[in-house]
Amino acid sequence: MARTITIDPVTRLEGHARITLQVDDRGALVAARFHVTELRGFETFCEGRPFSEMPMLTARICGICPVSHQLCAARTGDKLLAVQPPATARGLRQLLNLAQICQSHALSFFYLSSADVLLGWTDDPDRRGIFGLIAADPELARAGIRLRQFGQGVIERLAGRRIHPSWVVPGGVRSALTPATRAWILEHLPEARRTAALALERFKALLDGRLQRDARRFGDLPSLFMALVAADGSWACSDGALRIVDSQGVIVADRLSEDAMPSMIDEAVEPWTYLRFPYLRARGRIDGHYRVGPLARLNVCSGIGTPWADREWREFRQRAGAPVVTSSFAYHHARLVEIVACLEGIARLVDDDSLCQGRVRARAALNANEAIGVSEAPRGTLFHHYVVDDDGLITRINLIIATGQNNRAMNLALEAVAREELPWPIGPGVELPAQLLNRLEAAIRCYDPCLSCSTHAAGAMALQVQLRGADGQVWADDRRP
Amino acid sequence: MTAALPPAKPRLRLATVWLMGCSGCHMAFLDLDEALVSLADRYDIVHSPVLSDRKVFPEGVDVCLVEGAVSSVDNLAMARRLRLRSRLVVALGDCAVTGNVTALRNQHPDGLAGVLQRCWGQAVPPADSPLPPLLERVLPLHAVIRVDLVLPGCPPEPGCIGRLLASLG
Ligand code: SF4
């Protein structure tokens with residue numbers, strides 16, 4: 001008799017989810033599944049509304065990365081107006097994006113994943129999470145809280161509020177950088193840099209020690225990787241072109257415009273999850289799966305372009321001993337390297353007087369009926385695709401979100417971890433290893449999935465592992481306290 | 001925050017719950033930043049998607065902050081459970097208070113089936129699907145359980161959340 005293991009809810013994720021493991025009659029694992037159980041239907045109610053409202057409305061997809069949706073919606077709006085925002089506005093949007101990636105990565109590393117990466121695998125639920133870190137390492141915990149606060153603080157000062165600001169608009173932004181904000185950023189950057197250095201130091205020491213095996217093998221899988229890169233191939237989070245590399249590091253597509261997205265990417269649907277599965281049409285549903293996000297960005301780029309981040313990037317790649325880094329666990333390290341890239345990028349941008357002056361918005365009437373915008377969100381490449389009527393009302397919208405693009409990888413990472421942790425073959429009444437729940441959840445958390453975004457859904461998180469037989473019967477239902 | 005509290009006040013058990021929202025209200029709560037650390041002087045966080053790893057909503061909760069509207073059978077069950085086990089239920093943010101953006105899906109002329117068909121490609125999950133059914137209409141929290149306090153905003157200001165928590169006893 002076959003069986004299924006379910007984890008519900010998955011905690012410390014941004015969204016509602018559950019995990020099941022399905023085994024066959026002989027007790028062998030046939031599938032590990034990550035179920036996203038909510039759907040919000042943003043596409044339906046965006047249609048019929050003006051495109052100019054999209055930065056505000058699509059921000060409500062996600063409170064962790066509202067800025068990503070705003071930037072992508074505004075970029076799509078630029079193209080509907082057929083304008084290029086003034087250089088000042090482009091620089092300011094970039095500054096906002098860097099601050100956002102910095103705060104989101106700090107949330108992932110210090111609040112959500114610190115138990116997986118810093119504290120060691122513990123069974124005490126009260127010791128997992130930020131309060132566990134506060135107890136174990138108050139200096140690092142406070143520094144982590146303040147690093148997120150720095151990123152949120154930049155957003156607040158630049159755009160008016162931390163969550164769902166209304167500053168980015170089609171054609172540009174609403175206001176320039178003020179001298180006071182610039183001074184605030186300059187004053188707080190050194191502390192943020194110290195925190196990034198401290199986190200990297202602690203984390204790399206663990207990679208050399210306790211985490212050595214996880215670093216290489218945890219959720220290791222081959223895949224394609226996709227991200228934006230700048231014209232010279234370096235790391236970019238806005239204003240770039242798409243590049244795709246395979247797990248050997250061979251560039252399989254380069255200099256692609258986001259306008260190629262509809263012909264390049266298709267989305268599959270499965271009956272057991274509301275989260276769709278985007279894939280590259282040319283390679284098909286299975287082989288065409290690709291990963292996005294911090295790991296993908298560091299794998300596809302040919303450098304970061306700022307000195308400290310470049311050193312960290314080289315070391316990140318060297319540690320893997322392979323041309324590209326394929327372990328899911330490496331996402332955590334990649335996030336820290338990107339925090340460095342963001343801080344250096346912010347320093348470089350605020351050094352430039354031009355962000356404090358000049359035009360910040362290009363104005364035009366509607367000049368196109370269809371446009372696609374792209375932006376690198378903290379969790380990966382984000383696409384907004386709008387078709388509008390002559391009044392600028394949306395008649396068709398599609399949003400391709402980072403977490404969806406990592407959907408297949410998350411399922412494969414679960415499968416890899418389940419194979420390692422479960423005693424096979426497995427029969428009814430088996431004791432599930434205590435580690436199993438933690439490790440399965442941790443496999444998903446590597447991807448820092450934002451389920452609010454990906455189903456344009458939301459919700460609280462849950463983890464229950466359910467073991468189900470081939471006949472669908474539940475063999476074991478393990479819930480953590 | 002701590003300094004303002006009379007030392008005699010008892011410790012309280014705090015839970016936060018995420019129904020259907022964007023997580024922005026939880027992020028506003030995290031925007032208390034270092035005040036979160038002093039919050040722990042007064043509150044035990046016994047259940048929270050972002051601050052705790054406890055899977056089961058416990059008994060004997062003093063204050064429960066609820067983000068999001070009620071959109072699925074799971075949300076409904078959770079709302080009822082948290083009501084039974086909490087002394088004070090706070091609707092945190094506009095989705096919980098009015099339905100807000102989450103309730104915009106109610107406008108679809110073909111109802112839930114139309115939303116699913118458009119966004120997921122199927123109007124109903126198959127009978128053996130493990131997905132919990134979604135409700136035909138998204139509802140604000142007060143439509144399904146008694147709510148003691150509301151804190152509006154999309155999201156509410158972090159300072160308001162902090163002052164609310166400091167004032168409860
Ligand atoms: S009220 Fe606003 S911030 Fe809060 S969950 Fe709803 S959309 Fe998000």
Side-chain angles (χ1 to χ4, degrees), chain A residues 6 8-9 11-16 18 20 35 37-45 57 60-64 66 107 111-112 115 125-126 128-131 134 141-142 145-146 148-149 152 162-164 269 271-274 276 450 452 456-464 472 479-481, chain B residues 16-28 30-31 33-34 36-37 40 44-45 48-56 58 67-68 71-72 74-75 78 95 100-102 104-108 112 114-116 118-122 125-126 128-132 134 138 154-155 157-158:
Chain A
T6 308
D8 179 22
T11 38
R12 290 183 288 120
L13 286 182
E14 295 98 0
H16 290 281
R18 90 176 40 136
T20 60
H35 307 269
T37 57
E38 300 275 17
L39 181 135
R40 287 175 80 190
F42 261 82
E43 282 93 344
T44 60
F45 55 76
L57 190 57
R60 267 67 183 184
I61 290 172
C62 177
I64 298 161
L107 173 73
Y111 286 76
L112 306 177
D126 294 328
R128 297 187 292 252
I130 188 76
F131 287 108
I134 291 169
R142 275 192 187 266
I145 290 172
R146 289 178 61 86
R148 175 175 177 276
Q149 186 179 9
Q152 291 285 72
R162 290 170 166 209
I163 299 162
H164 306 327
V269 168
W272 43 267
T273 178
Y274 286 122
R276 297 188 297 227
C450 181
S452 329
H456 329 324
M461 358 232 150
L463 195 80
Q464 168 195 22
R479 265 172 203 269
R480 276 215 310 250
Chain B
T16 79
V17 166
W18 184 359
L19 302 178
M20 186 67 102
C22 76
S23 78
C25 292
H26 268 85
M27 292 305 116
L30 291 191
D31 281 337
D33 298 323
E34 285 175 282
L36 281 174
V37 181
D44 289 319
I45 297 177
S48 167
V50 286
L51 289 174
S52 160
D53 224 16
R54 293 204 167 267
K55 306 294 182 190
V56 177
E67 168 187 325
S71 150
S72 65
D74 273 12
N75 288 164
M78 186 55 167
C95 289
N100 193 29
V101 176
T102 306
L104 288 179
R105 83 149 154 88
N106 293 346
Q107 296 171 359
H108 198 285
L112 175 65
V115 173
L116 285 177
R118 167 67 181 89
C119 297
W120 193 50
Q122 288 170 333
D128 61 347
S129 170
L131 297 172
L134 301 180
V138 173
C154 179
E157 288 303 317

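Lettering follows sequence order; numbering is per chain, from 1.
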Problem set entry | Per-residue contact mode, B/C154 against chain A (heavy atom under 4.5 angstrom) | both
Exercise. With a 4.5 angstrom heavy-atom cut-off, which part of B/L36 approaches chain A: side chain, backbone, both or neither?
Worked result: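 Answer is both: backbone and side chain atoms of B/L36 are under 4.5 Å from chain A.
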Problem set entry | B/M20 to B/S71 - nearest heavy-atom pair and separation |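 So the minimum-distance heavy-atom pair works out to CE-OG, 3.3 Å.
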Toward chain B, the part of [X] with a non-hydrogen atom under 4.5 Å:
X      : answer
A/I134 : side chain
A/Q152 : side chain
A/R162 : side chain

Problem set entry | Those residues that, when tested against A/R148, pass salt bridge (Lys or Arg N to Asp or Glu O under 4.0 Å) (two or more places apart) | B/D31, B/D33
Exercise. Residues in salt bridge (Lys or Arg N to Asp or Glu O under 4.0 Å) with A/R142, at least two apart?
Worked result: B/E34
For this session: Establish, from distance only, whether the side-chain atoms of A/R60 and B/T102 form a donor-acceptor pair under 3.5 Å.
Result: no
Exercise. Which one, B/N100, B/L104, B/V115, leads in non-hydrogen pairs under 4.5 Å with chain A?
Worked result: B/L104
Seminar exercise, completed: Note: vs chain A, highest number of non-hydrogen pairs under 4.5 angstrom among B/L30, B/V37, B/L112, B/D44 is B/L30
Exercise. According to the interplanar angle, ranging from 0 to 90°, do the rings of A/W272 and A/H35 count as parallel (below 30°), tilted (30 to 60°) or perpendicular (above 60°)?
Worked result: perpendicular
For this session: Give a yes or no answer on whether the side chain of B/S23 reaches the backbone of B/H26 with a donor-acceptor pair at less than 3.5 Å.
Result: no
